[in-house]
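Okay, structure first, notes after.
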Amino acid sequence: MQSSSDGLLAAAEAHVRQVATDSGSSFLWGMRLLPRPRREAMYAIYAFCREVDDIADEGGRPVEKLARLADWREEIERLYAGQPGQPTTRALLRPVEDYGLPKAEFHAVIDGMEMDAQENICAPEMETFRLYCRRVAGAVGVLSVHAFGATEPEAKALALAEGDALQFTNILRDVREDAGRGRLYLPRELLEHNGIASRDPAAVLEDARLPAACRALAVMAEERFAEAERLMSLCGRGPMRPARIMLAVYRRLLTRLQHQDWCDMSVRVSLPKAEKLWIALRNGF
């Protein structure tokens with residue numbers, strides 16, 4: 001007979017699995033290659049990120065969003081005290097214990113979501129831009145390599161480099177979508193270097209010099225891709241298969257964006273499912 005705690009765990013694991021699979025995220029291609037316990041850990045990490053990100057992206061007053069994110073901070077503390085109260089943190093309890101997921105990285109993700117929740121980010125200074133990417137992407141990368149089972153000293157640096165590369169690419173893909181939310185993540189220095197003084201997302205979107213600023217961020221992304229690939233070569237191939245797949249998928253996406261050259265922002269650049277499958281097969285074995 002199943003105990004109540006076993007039932008809660010099974011429900012929690014079903015919840016995070018559903019959140020991850022419903023998302024249709026490219027990250028699923030790498031997750032599916034993991035052994036089941038590590039795959040379940042990644043589903044739980046992904047569900048946590050999805051749920052706090054939804055708070056930052058949903059409508060509502062900043063004070064309300066910040067209060068909900070503060071609730072998540074307390075929930076992370078309960079998780080590490082062994083008393084999780086939410087389905088997602090129940091699903092995280094075993095991975096935290098088994099894989100040593102760092103508590104500070106969960107808090108870092110929340111820090112990043114607070115940056116989005118407090119006010120719309122518009123042309124942040126480079127230092128703020130890098131801090132934001134470290135929080136919303138680098139922290140996820142560090143949690144992920146722990147779940148993957150990577151033990152090399154280069155693993156954390158790889159997670160941070162890949163986190164930057166993927167986040168820079170996401171920003172370059174979502175310029176129009178973010179502008180529709182009143183956000184502009186392109187660093188101020190890149191905009192000013194290309195003659196764009198406005199901080200208004202809608203105005204920047206219509207500026208003929210915007211593609212040049214996007215190209216500059218693409219160069220930064222290429223540098224982080226190259227660093228991630230260098231560090232990948234120093235890590236064990238098996239545990240890093242999901243990271244290798246995601247790196248290849250986003251590398252291809254960046255190339256597609258560069259070919260499109262940000263000439264028609266109304267077209268959201270993406271990769272067909274068949275192409276993602278080919279990349280996963282090529283890089284996963």
(request) Quick one: do M113 and I55 satisfy side-chain contact (heavy atoms from CB on, under 4.5 Å)? Show the steps, please. (result) CA-CA 8 Å; M113 299 311 160; I55 293 172; over 6 Å; no
Are the side chains of [X] and [Y] in touch, meaning some heavy atoms are under 4.5 Å apart?
X: P124; Y: P187; result: no
X: V175; Y: M265; result: yes
X: L247; Y: E229; result: yes
X: L92; Y: V16; result: no
X: V136; Y: V140; result: no
X: R188; Y: M126; result: no
X: D264; Y: Q260; result: yes
X: D98; Y: P37; result: no

First locate atom [atom1] of [X], then atom [atom2] of [Y], and finally report the distance between them rounded to the nearest 0.5 Å.
X: H259; Y: L254; atom1: NE2; atom2: CG; value: 10.0 Å
X: L234; Y: E154; atom1: CG; atom2: CD; value: 5.0 Å
X: R90; Y: L9; atom1: CZ; atom2: CG; value: 9.5 Å
X: L8; Y: E13; atom1: CG; atom2: CD; value: 11.5 Å
X: L79; Y: F48; atom1: CG; atom2: CZ; value: 9.5 Å
X: L184; Y: D178; atom1: CG; atom2: CG; value: 8.5 Å

(request) Take atom CD of E127 as the centre, draw a 6.0 Å sphere, and report whether it contains more than 12 heavy atoms from other residues, nucleotides or ligands. (result)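 For E127, atom CD is not crowded (no more than 12 foreign heavy atoms under 6.0 Å).
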Residues two or more places apart in sequence or in another chain: which of them pass side-chain hydrogen bond (donor to acceptor under 3.5 Å, both in side chains) with [X]?
X: T89; result: E75
X: D71; result: none
X: E275; result: R252, R256

Any idea which heavy atoms bring [X] and [Y] closest together, and the distance?
X: L253; Y: S270; result: CD1-CA, 4.1 Å
X: L158; Y: A228; result: CD1-O, 3.2 Å
X: A44; Y: T88; result: O-CG2, 3.7 Å
X: V109; Y: C49; result: CG1-SG, 4.4 Å
X: A108; Y: A139; result: CB-CB, 3.8 Å
X: A137; Y: G163; result: CB-O, 3.3 Å

(request) Could you list all the side chain to side chain donor-acceptor pair (under 3.5 Å) pairs where at least one residue sits in residues 30-41, not counting sequence neighbours? (result)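 Non-adjacent pairs meeting side chain to side chain donor-acceptor pair (under 3.5 Å): R17-E40.
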Less than 3.5 Å apart, which donor and acceptor atoms pair up between the side chains of residues 205-222 and the rest of the protein, not counting sequence neighbours?
{"from": "D207", "atom 1": "OD1", "to": "R209", "atom 2": "N", "distance (Å)": "2.8"}
{"from": "D207", "atom 1": "OD1", "to": "R209", "atom 2": "NE", "distance (Å)": "2.9"}
{"from": "D207", "atom 1": "OD2", "to": "R209", "atom 2": "NH2", "distance (Å)": "2.9"}
{"from": "R209", "atom 1": "NH1", "to": "G195", "atom 2": "O", "distance (Å)": "2.8"}
{"from": "R209", "atom 1": "NH2", "to": "G195", "atom 2": "O", "distance (Å)": "3.3"}
{"from": "R215", "atom 1": "NE", "to": "D261", "atom 2": "OD1", "distance (Å)": "2.8"}
{"from": "R215", "atom 1": "NH2", "to": "D261", "atom 2": "OD2", "distance (Å)": "3.0"}
{"from": "E222", "atom 1": "OE2", "to": "Q258", "atom 2": "NE2", "distance (Å)": "3.0"}

(request) Report yes or no: do L131 and I171 belong to one cluster of Ile/Leu/Val/Met/Phe/Trp/Tyr joined by side chain heavy-atom distances under 4.5 Å? (result)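 No: no chain of side-chain contacts under 4.5 Å links L131 to I171.
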(message) Quick check on the hydrophobic clustering: are V52 and Y80 connected, directly or via other members, by side-chain heavy-atom contacts under 4.5 Å?
(response)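 Yes, one cluster joins them.
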(request) Ignoring hydrogens and angles, tell me if any N or O in the side chain of N120 forms a donor-acceptor pair with the backbone of D116 under 3.5 Å. (result)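 No; judged by distance alone, with no hydrogens or angles, the pair does not exist.
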(request) Look only at the side chain of R78 and the backbone of Q83, and say whether a donor-acceptor pair between them is shorter than 3.5 Å. (result)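 Checked: no pair found.
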(message) Set out, in order, the CA-CA distance, both residues' side-chain angles and the distance that settles side-chain contact (heavy atoms from CB on, under 4.5 Å) for C122 and R183, then state yes or no.
(response) CA-CA 5 Å; C122 290; R183 296 172 179 170; 5.7 Å; no
(request) Could you walk me through whether M115 and R135 pass side-chain contact (heavy atoms from CB on, under 4.5 Å), step by step? (result) CA-CA 10 Å; M115 293 174 74; R135 288 172 169 175; 3.3 Å; yes
(message) As a quick check of understanding, evaluate salt bridge (Lys or Arg N to Asp or Glu O under 4.0 Å) for R61 and E64, giving each step before the final call.
(response) CA-CA 5 Å; R61 295 183 302 156; E64 295 167 346; 3.3 Å; yes
(request) Name all residues meeting the ring pair (Phe, Tyr, Trp, His ring centres under 6.0 Å) criterion together with F148; count only those two or more places apart in sequence or in a different chain, and write none if there are none. (result)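 By the ring pair (Phe, Tyr, Trp, His ring centres under 6.0 Å) rule, F148 matches no residue at all.
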(message) Once ring pair (Phe, Tyr, Trp, His ring centres under 6.0 Å) is applied, do any residues pair with W262, and if so which ones, sequence neighbours excluded?
(response)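 Not a single residue meets the ring pair (Phe, Tyr, Trp, His ring centres under 6.0 Å) criterion with W262.
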(message) Under the ring pair (Phe, Tyr, Trp, His ring centres under 6.0 Å) definition, can you give me all pairs with a residue in residues 171-197, not counting sequence neighbours?
(response)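 Every ring pair (Phe, Tyr, Trp, His ring centres under 6.0 Å) pair that includes a residue of residues 171-197, provided the two are not neighbours, is Y132-Y185.
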Pairing residues for [X] by the side chain to side chain contact (heavy atoms under 4.5 Å, CB included) criterion, not counting sequence neighbours:
X: S198; answer: D200, A203, V204
X: A150; answer: V145, E152, A155, M240
X: P102; answer: E105, V142, L143, H146
X: R224; answer: L160, A161, D164, A165, F168, E227

(message) Pair E162, R251 - check salt bridge (Lys or Arg N to Asp or Glu O under 4.0 Å), show working.
(response) CA-CA 10 Å; E162 184 162 350; R251 189 62 128 134; over 6 Å; no
(message) Looking at R73 and E114, is there a salt bridge between them, counting it only when a charged N and a carboxylate O are closer than 4.0 Å?
(response)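 Counted as a salt bridge, because a side-chain N and a carboxylate O are separated by less than 4.0 Å.
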(request) List the steps and the verdict of side-chain contact (heavy atoms from CB on, under 4.5 Å) for M31 and Y46. (result) CA-CA 10 Å; M31 291 182 196; Y46 182 88; 3.8 Å; yes
(message) Before you tell me yes or no, could you show the steps for D57 and K65 under salt bridge (Lys or Arg N to Asp or Glu O under 4.0 Å), namely the whole-Å CA-CA distance, both residues' side-chain angles and the distance that decides it to 0.1 Å?
(response) CA-CA 9 Å; D57 283 348; K65 296 181 180 183; over 6 Å; no
(message) If only side-chain N and O atoms count, and only distance matters, is there a donor-acceptor pair under 3.5 Å linking E77 with H107?
(response)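 Yes, a side-chain donor-acceptor pair sits under 3.5 Å.
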